[in-house]
Amino acid sequence: MPHTDAHAHAADLAAFVTASPSSFHAAHEVARRAVAAGFTPLDESAEWPTGPGRHVVVRDGAVIAWVVPPTAGPTTPVTVLGTHTDSPGFKLKPTPDASRAGWRQASVEVYGGPLLNSWLDRELAVAGRIATRSGEHLVRTGPLLRIPQLAIHLDRQVNDGLTLDKQRHTQPVWGLGDAPGLLAAVVGDVCDPADVLGWDLTLVDTQEPRTFGADDELFASPRLDNLLSTHAALTALLLADSEDITVLAAFDHEEVGSETRSGAAGPFLSDVLARIRSGLGADAEQAHRALASSVCVSSDVGHSVHPNYAERHDPTTVPVAGGGPILKINANQRYATDAVGIALWTAACERAGVPSQSFVSNNAVPCGSTIGPITATRLGLRTVDVGVPILSMHSARELTAVVDPWYLTRAMYAFLSPAR
Ligand code: ZN
């Protein structure tokens with residue numbers, strides 16, 4: 001693939017993360033970049049063109065972009081790169097204004113499984129989607145709120161074990177007094193606040209991503225889970241030149257189980273694949289044959305061994321930061337990876353010239369899951385779960401080695417390439 005370097009890639013990842021404070025923004029940013037690269041945006045409710053082409057479609061906070069090469073026919077296989085656009089954090093409740101003890105407060109609900117302590121004492125923005133009488137709008141504010149930590153003088157035992165109540169201790173302050181008006185502050189001059197009928201709004205840390213450390217080899221950023229993979233997959237897709245149909249599917253709601261119309265357990269990907277297939281004139285038999293030789297790489301962040309907690313990890317399989325993408329393996333199929341998938345991914349890493357490593361859980365510390373098993377179960381696609389080893393997963397600010405997102409991108413590019 002065209003030469004860049006890991007730092008240039010990290011700078012582009014930082015720009016992508018900054019442009020993507022919510023899943024809705026992320027889907028929009030993927031589509032914007034794809035269109036800038038020559039893709040045509042499609043509307044799900046319109047008639048789609050048939051045959052070869054480069055297209056992208058957004059469904060709420062999810063996005064699918066694909067390339068049908070000129071040589072494609074009814075049984076051409078599909079190579080899918082699957083990721084997710086959402087990150088754990090907080091969402092505004094339906095009555096967002098509150099006040100107590102001289103403070104204007106926001107009423108928020110926990111989304112997914114954030115490390116609550118990492119959200120304390122940070123200046124937070126609000127970003128997401130509002131629905132008005134005239135349609136949908138994306139909105140984002142500047143620094144507006146903060147979840148203040150309790151002073152140590154009022155909790156002398158705090159360093160022996162911080163306990164945060166998800167309701168009482170997580171409500172941000174955003175001003176003085178008791179006047180309502182948070183929604184008006186969020187909407188700004190996008191529209192008349194009185195026209196806002198519904199919202200999907202999340203809190204966002206306002207600190208910018210940055211590189212740091214010895215030789216500038218570390219990269220700190222919010223939402224690496226999983227904008228890192230989404231950015232890598234998009235970069236690979238835009239550059240790839242394959243004889244297969246190549247697809248980026250970035251789903252919403254992975255952090256809350258994926259069972260939504262824009263989540264991996266919903267019909268979005270199968271709907272798009274069916275429409276592509278019918279556009280190629282495939283009958284049901286041909287569609288099944290194509291699917292049987294298709295493959296999916298599901299990419300999400302994984303755990304680098306934490307130097308302060310090495311006993312939480314497997315003692316012999318030791319993924320390290322800077323060691324290249326990880327293959328995620330789990331006997332209980334929390335990851336979809338199997339032997340054949342391992343071989344396909346390992347060969348792609350070899351072609352890309354990037355190192356590869358494995359992740360498996362300590363038996364006493366069960367792992368999370370990804371969209372991989374869900375996509376594989378829904379579609380029957382052979383799926384391999386991969387990712388980048390990070391620290392501080394689900395923190396408001398996560399940590400990766402600068403080189404690993406670039407390694408992942410190169411491996412994905414090789415996976416999409418014709419030599420597979
Ligand atoms: Zn994730």
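These numbers were taken from a predicted model, which means no experiment stands behind them. All ligand and atom numbering here is 1-based and tracks the order in the structure.
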Check your understanding: What number of protein N, O or S atoms occur at distances under 2.8 Å from the Zn ion (ligand 1)?
Key ->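 Of the protein's nitrogen, oxygen and sulfur atoms, 4 lie under 2.8 Å from the Zn ion (ligand 1).
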TODO: Might you work through the side chain to side chain donor-acceptor pair (under 3.5 Å) test for Asp385 and Thr383, ending with a clear yes or no?
DONE: CA-CA 7 Å; Asp385 267 298; Thr383 300; over 6 Å; no
Per side chain to side chain contact (heavy atoms under 4.5 Å, CB included), Trp174 is matched among Thr141, Leu124, Val126, Asp97 by Asp97
Can you check whether Glu217's main-chain N or O pairs, donor with acceptor, with Asp215's side chain at less than 3.5 Å?
no
Checklist line | Trp406 and His9 aromatic ring geometry - parallel, tilted or perpendicular at 30°/60° bounds | finding: tilted
Let me see the working for Asp300 and Lys328 under salt bridge (Lys or Arg N to Asp or Glu O under 4.0 Å), right down to the final yes or no.
-> CA-CA 9 Å; Asp300 206 338; Lys328 299 179 173 182; 5.0 Å; no
Give the C-alpha distance, both sets of side-chain angles, the deciding distance and a yes or no for side chain to side chain contact (heavy atoms under 4.5 Å, CB included) between Leu399 and Phe212.
CA-CA 10 Å; Leu399 174 63; Phe212 68 104; 3.6 Å; yes
